[in-house]
Undergrad: 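Right, I'll just put the structure down here and ask away after.
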Amino acid sequence: MPNENKENVPVTTSKEGAKTEIASVNPISEMENAFDRLFRHGWPSLWRWRDMPMLDNLFEREGLRSPNLDMIDRDNEILVRAEIPGLEKKDLNISLTDNLLTIKGQSSREVKDEKGDYHRHEITRFSFSRSVMLPGAVDAAKTSASLKNGILEITLPKVESSKRRTITVQ
């Protein structure tokens with residue numbers, strides 16, 4: 001099926017090294033300590049949260065959801081797919097610094113409903129940032145991205161030295 005209805009998404013590149021901040025404390029331990037202080041005794045460890053149905057969508061409810069990513073390492077390229085339903089091309093910012101790919105998205109929605117004495121006004125804001133290290137060097141100038149039906153596809157052609165080669169055993 002041809003690439004109908006796909007929108008090209010710009011990808012910015014930088015030769016500057018990636019800037020990362022390293023937290024001086026363990027955020028998981030700090031969160032567990034905060035819950036221990038709040039609930040006193042019996043709060044379960046963070047490692048068992050996945051078994052607790054009441055906390056299934058905690059991060060989605062709070063607008064902290066990161067998109068699911070698939071990274072496919074092919075012979076000549078790396079393909080990254082991200083699920084970002086509800087976002088448009090204008091809501092995205094994709095950048096590539098060395099072999100660090102960063103996808104940022106931001107969206108807001110406002111709903112007003114007025115009927116007689118009934119007034120409802122909702123404002124929803126959503127943002128995320130997801131960075132992933134690529135498994136090899138890529139040609140940033142030939143990188144492309146497209147968006148179709150809530151799926152972002154980023155194609156990153158490998159540089160010659162990173163391409164997969166078959167080695168014959170003698």
Side-chain angles (χ1 to χ4, degrees), residues 1-32 44-53 55-107 126-170:
M1 187 161 123
N3 294 340
E4 299 171 6
N5 300 329
K6 280 195 175 183
E7 297 182 51
N8 289 330
V9 180
V11 178
T12 58
T13 60
S14 171
K15 292 290 182 190
E16 212 175 280
K19 296 180 178 99
T20 57
E21 294 181 16
I22 300 173
S24 60
V25 294
N26 181 342
I28 294 174
S29 296
E30 288 298 313
M31 190 178 337
E32 284 184 331
S45 169
L46 205 61
W47 304 116
R48 294 185 305 230
W49 276 24
R50 294 193 187 280
D51 299 329
M52 299 176 59
L55 297 174
D56 272 347
N57 296 316
L58 174 68
F59 294 109
E60 282 93 354
R61 285 194 309 266
E62 299 301 323
L64 300 173
R65 184 179 179 274
S66 286
N68 293 328
L69 289 182
D70 289 332
M71 184 181 306
I72 303 165
D73 189 354
R74 297 180 174 161
D75 289 339
N76 296 321
E77 67 186 12
I78 298 169
L79 178 66
V80 177
R81 288 189 185 128
E83 296 176 2
I84 51 169
L87 291 181
E88 298 176 20
K89 173 182 159 179
K90 65 179 177 55
D91 300 328
L92 295 172
N93 181 352
I94 304 166
S95 61
L96 181 62
T97 304
D98 295 330
N99 64 338
L100 180 69
L101 176 68
T102 302
I103 304 169
K104 294 181 182 179
Q106 182 174 335
S107 179
F126 169 75
S127 65
F128 70 88
S129 178
R130 178 100 191 250
S131 295
V132 62
M133 294 296 281
L134 300 173
V138 296
D139 187 351
K142 295 180 182 175
T143 298
S144 64
S146 63
L147 178 65
K148 181 181 179 185
N149 298 329
I151 303 293
L152 174 66
E153 286 190 356
I154 305 168
T155 304
L156 305 128
K158 292 181 180 179
V159 295
E160 194 63 37
S161 62
S162 293
K163 290 184 181 176
R164 189 174 302 151
R165 289 179 175 73
T166 306
I167 300 171
T168 313
V169 179
Q170 297 188 14

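Being a predicted model, the structure only gives us computed values, none of them experimental. Side chains are part of it too, since the values below use all heavy atoms of this structure and drop only hydrogens, waters and symmetry mates.
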Undergrad: Can you give me the closest heavy-atom contact between K89 and L147, atom names plus distance?
TA: N-CD2, 3.5 Å
Undergrad: If you look only at distance, which donor and acceptor atoms sit under 3.5 Å apart when one is on a side chain in residues 128-137 and the other is two or more places apart or in another chain?
TA:
from	atom 1	to	atom 2	distance (Å)
R130	NH1	P67	O	2.5
S131	OG	T102	OG1	2.9

Undergrad: Please find the pair of heavy atoms, one from I94 and one from A145, that lie closest to each other, and give the distance.
TA: CD1-CB, 3.9 Å
Undergrad: Would you indicate whether the side-chain heavy atoms of N93 and I103 approach each other to under 4.5 Å?
TA: no
Undergrad: If we ignore angles and hydrogens, is there a donor and acceptor under 3.5 Å between the side chains of E83 and N68?
TA: yes
Undergrad: For residues L156 and T143, report the shortest heavy-atom separation together with the two atoms involved.
TA: CD2-CG2, 3.5 Å
Undergrad: Would you compute the distance between atom CD of Q106 and atom NZ of K90 and round it to the nearest 0.5 angstrom?
TA: 10.0 Å
Undergrad: Whether the side chain of D98 engages the backbone of L100 through a donor-acceptor N/O pair (distance < 3.5 Å, no angle test) should be reported.
TA: no
Undergrad: Quick one: does I78's side chain get under 4.5 Å of M71's, heavy atoms only?
TA: yes
Undergrad: According to salt bridge (Lys or Arg N to Asp or Glu O under 4.0 Å), does anything in residues 150-161 pair up with another residue at least two apart or in another chain? List the pairs.
TA: K6-E153, D73-K158, R81-E153, E160-K163, E160-R165
Undergrad: About how many Å separate OG of S107 and CD of E88, when rounded to the nearest 0.5 Å?
TA: 7.5 Å
Undergrad: Is there a side-chain contact between V138 and L101 in this structure, where contact means two heavy atoms from C-beta onward sitting under 4.5 Å apart?
TA: no
Undergrad: Looking at every non-hydrogen atom in both residues, tell me the closest pair between G86 and D91 and how far apart they are.
TA: O-OD2, 4.5 Å
